[in-house]
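Worksheet: the structure to be examined is printed underneath.
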Amino acid sequence: MSHRSADVVILGGGSGGYAAAIRSAELGRSVILVEENELGGTCLHQGCIPTKALLHSAEVADSARTASQFGIDVTFDGVDLEKVLSYQNTIVTRLHKGLQGLVDSYGITVVNGRGRLVGPNGVEVDDELITGGAVVLATGSSPKTLPGIGIGIGGRVVTSDQALVLPSVPKKAIILGGGVIGVEFASVWASFGASVTIVEAMPRLVPNEDETISKYLERAFRRRKITAKTGVRVTEVTQDADAVSVTLGSGDILDADVLLVAVGRGPNTASMGYEETGVMLDKGFVVTSDRLRTTVPNVFAVGDIVPGLQLAHRGFQQGIFVAEEIAGLRPDVIDETGIPRVTYSHPEVAAVGLTETAAREKFGENVETVTYDLAGNGKSQILKTSGAVKLVVAPTGVVVGVHMVGDRVGELIGEAQLLYNFEVDAAQAAKFVHAHPTQGEALGEALMAVAGKPLHVHG
Ligand code: NAD
C-alpha cells in the first residue's frame, strides 16, 4: 500500500470540504482533499447552483407570460427544457472549472476516489493510505426517501437529483414535502406550466420558518394555483406506465406524471469507517463539540453531516472555522441562528434569527413584533409583488429575528443579518436612511414602526 501525508486531510470536496482546504492552504498548511465525484459537491452539481438556474429560467417564463401587465407585448410560446438544461449546465461547468483552477492555484492535492477513515489520522483511498495531522470529515448528504416508495423505479418517483434533469416538464406533479426543496420545485414547475400539488405533513408550508411567512407564502402560492395539502401524510404510492398515484391519510387519491420526494436530506456517514474509528454518530449525523471536533482527537466534521442547517454557506463557514481551529487561531464559535436562510421560490422567503415563537420561548411574552406589508412599499408595487417584512424584537429593543417574503427579498438578507448578528437596537437602526424606492425601505419602515414613528403605514 502506498502512502502520502499532508498537514490536513479532508474527506469530501463540497462546500465545507473545499472551504476547509482553501483556508488551510492560505494558512500555510499542506492539504490533500479526497473527492469521489466532482469538486464542488451537491451545491455546485445538484443543489444551489443548478436549481437557482432553473428558478431564473422560471422567473423569465413568468416575466414573458405577464409582460402585458407592464405594457410590453410578448408572445409566450412555452419552455424549451433542452435549452434550459443547457443554460443550467453552462453555469455549472464554468463554476466547476473556476473552482478546479482555484483549488489548484493553492497547491491543494486532489485525490479522486472514495475515502474511508481508518484511524485518527488516516484515510484509505483505493490502495493508498493518506495520513494527516488533522482529518476533516465533509462527506455531505443525500436525499432521504420513505419506506415503500420506490425511487427511480418506473421513473415517475424522483428525488431532487433526478428532478433537476427531467427531460420534459411534467403536466401534473405532486411534491411530497413543503420544505425548501419542495417549495422551490413547486415554484419552478408551476412557472413552466405544470399543475402542482404539495403534500406537507406539518400544518403549514416552510414549517421551520415564522408562521406569518408561511401564511403569506401559502396565499401567494394559492394565487399561482399551486395547491398545498398540509397536515397530511401519504399512505400509499403506486405507479404504472401512465401515472403515479398517491393516497393520502385523509383518504384523497391524487394522480400525477411525477412525484417528487423532498422530505429532507440524510447525512452520508455510512460505510465510511467513521463509527469503527470511534467517531460517534447520532441518527447518522456526526456528533461534534461547538468547535466542530468529533469524539476522535484531531478529527473534525463540517457541513451537512453535522446536525443543524444544511446550507452551503454554513458549510463554507464551518470549513473556514475548522481550518483556523487546526491552525491554532481559536476562531469565534459560529452562531447557527445568525446564518441566513433563503428560499428562492416566487415569492422568495428570507430569514435570519429567531421566529416569533422561538423568541417568546427564549425571552417571554414581552417580545415585540412588527409586520410591514409590501403593499406600502413603492418598489414592490412596481414589481407587482406582495409579501411582508416581519421584525422580532427582544424586550431589550434588540432585533432578534428578521423574516421576509416577496420577490427579491433574498437580496435584503445582508442588512437583516447585520441587524441580528451585531445585536442592533431597532430604534437605533431606524435612524438610517434607506434609498427610495427600494425594497430595503420595507425593512426601514418596519424598524421605524418598532421605534414608534412609522411613515408609510398608520401606526
Ligand atoms: P426540509 O427539511 O426543508 O423539508 C422537508 C419537509 O418534508 C418538511 O417540511 C417535513 O415536514 C416534510 N415531510 C417529512 N416527511 C414527510 C412525509 N412523510 N409526508 C409529507 N411531508 C413530509 O428538507 P428539503 O426541502 O428536502 O431540503 C433538504 C435540505 O436542503 C434542507 O436542509 C434545506 O435547507 C436544504 N436546501 C436549502 C435550499 C436553500 O437554501 N435555498 C434549497 C434546497 C435545499
Side-chain angles (χ1 to χ4, degrees), residues 14-16 41-56 58 140-149 151 157-164 174-188 197-209 211 213-214 217-218 227-237 246-250 252 254 259-268 283-285 303-317 336 339-352 404-405 409-411 413 417:
S15 310
T42 300
C43 173
L44 180 52
H45 299 281
Q46 290 94 27
C48 329
I49 299 297
T51 55
K52 269 72 250 179
L54 274 190
L55 279 151
H56 185 64
S141 63
S142 307
K144 279 203 272 195
T145 54
L146 291 174
I149 298 188
I151 302 284
V157 183
V158 298
T159 67
S160 54
D161 288 352
Q162 294 102 34
L164 200 58
I174 301 169
I175 298 178
L176 195 53
V180 189
I181 293 181
V183 160
E184 288 188 349
F185 270 99
S187 192
V188 168
T197 302
I198 305 173
V199 179
E200 165 59 52
M202 301 296 280
R204 56 193 174 90
L205 293 183
V206 289
N208 294 330
E209 297 300 344
E211 225 172 311
I213 299 305
S214 297
L217 179 69
E218 286 169 6
T227 306
K229 294 192 176 286
T230 52
V232 64
R233 284 182 177 273
V234 168
T235 53
E236 198 187 354
V237 174
V246 173
T247 308
L248 304 184
S250 57
D252 289 353
L254 310 172
L259 169 68
L260 166 64
V261 179
V263 294
R265 296 180 62 89
N268 296 331
K283 298 190 189 89
F285 288 92
D304 287 4
I305 57 173
V306 179
L309 296 167
Q310 292 172 312
L311 298 173
H313 43 283
R314 170 180 178 258
F316 293 144
Q317 195 59 28
E336 286 264 328
I339 297 173
R341 315 180 290 272
V342 180
T343 304
Y344 299 85
S345 43
H346 166 38
E348 290 185 344
V349 171
V352 64
M404 303 180 282
V405 55
V409 296
E411 300 300 331
I413 201 66
Q417 67 159 320

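Whatever order the structure lists them in is the order used to number ligands and atoms, beginning at 1.
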Does the pair E209 and V349 meet the rule for a side-chain contact (heavy atoms from CB on, under 4.5 Å), with working shown?
CA-CA 9 Å; E209 297 300 344; V349 171; 4.2 Å; yes
Looking at non-hydrogen atoms alone, which of V349, V342, V263 comes nearest to atom 41 (N) of ligand 1?
V342
What I want to know is whether Y344 and ligand 1 share at least one N or O pair that is separated by under 3.5 angstrom.
no
State whether the shortest distance between N or O atoms of P207 and N or O atoms of ligand 1 falls below 3.5 angstrom.
no
For atom 25 (O) of ligand 1, the option (of V183, L205, I181) bearing the nearest heavy atom:
I181
Atoms of ligand 1 less than 4.0 Å from L146 heavy atoms?
18 (N)
How close do T230 and R204 get, counting heavy atoms only, and between which atoms?
CG2-CA, 3.8 Å
Between R265 and ligand 1, is there a nitrogen or oxygen pair with a distance under 3.5 Å?
no
At under 4.0 Å between heavy atoms, is it the side chain or the backbone of L176 that contacts ligand 1, or both, or neither?
side chain
If you measure every N/O of L311 against every N/O of ligand 1, is any gap under 3.5 Å?
no
Indicate yes or no: does an N/O atom of A201 lie under 3.5 Å from an N/O atom of ligand 1?
yes
Check ligand 1 against A262 and write out every atom of the ligand that is under 4.0 Å from a heavy-atom position of the residue.
5 (C), 6 (C), 7 (O), 26 (O)
Of all the atoms in ligand 1, which lie at a distance below 4.0 Å from a heavy atom belonging to R233?
17 (C), 18 (N)
Nearest heavy atom to atom 8 (C) of ligand 1: which of M202, R314, E200, E348 does it belong to?
E200
I need the contact type for K144 against ligand 1. Using non-hydrogen atoms and a strict under-4.0 Å cut-off, is it side chain, backbone, both or neither?
neither
Keeping the roles fixed (side chain from E348, backbone from G410), state whether a donor-acceptor pair exists under 3.5 Å.
yes
For ligand 1 and N208, I'd like to know whether there is a polar contact (N/O to N/O, distance under 3.5 Å).
no
Report, in ascending order of atom number, the atoms of ligand 1 lying under 4.0 Å from any heavy atom of V180.
3 (O), 25 (O), 33 (C), 34 (O), 37 (C), 38 (C), 39 (C), 41 (N), 42 (C), 43 (C)
G178 N/O under 3.5 Å from ligand 1 N/O:
no
Checking contacts here: is it the side chain or the backbone of V199 that comes within 4.0 Å of ligand 1, counting heavy atoms only? Could be both or neither.
backbone
Among the heavy atoms of V234, does any lie under 4.0 Å from an atom of ligand 1?
no
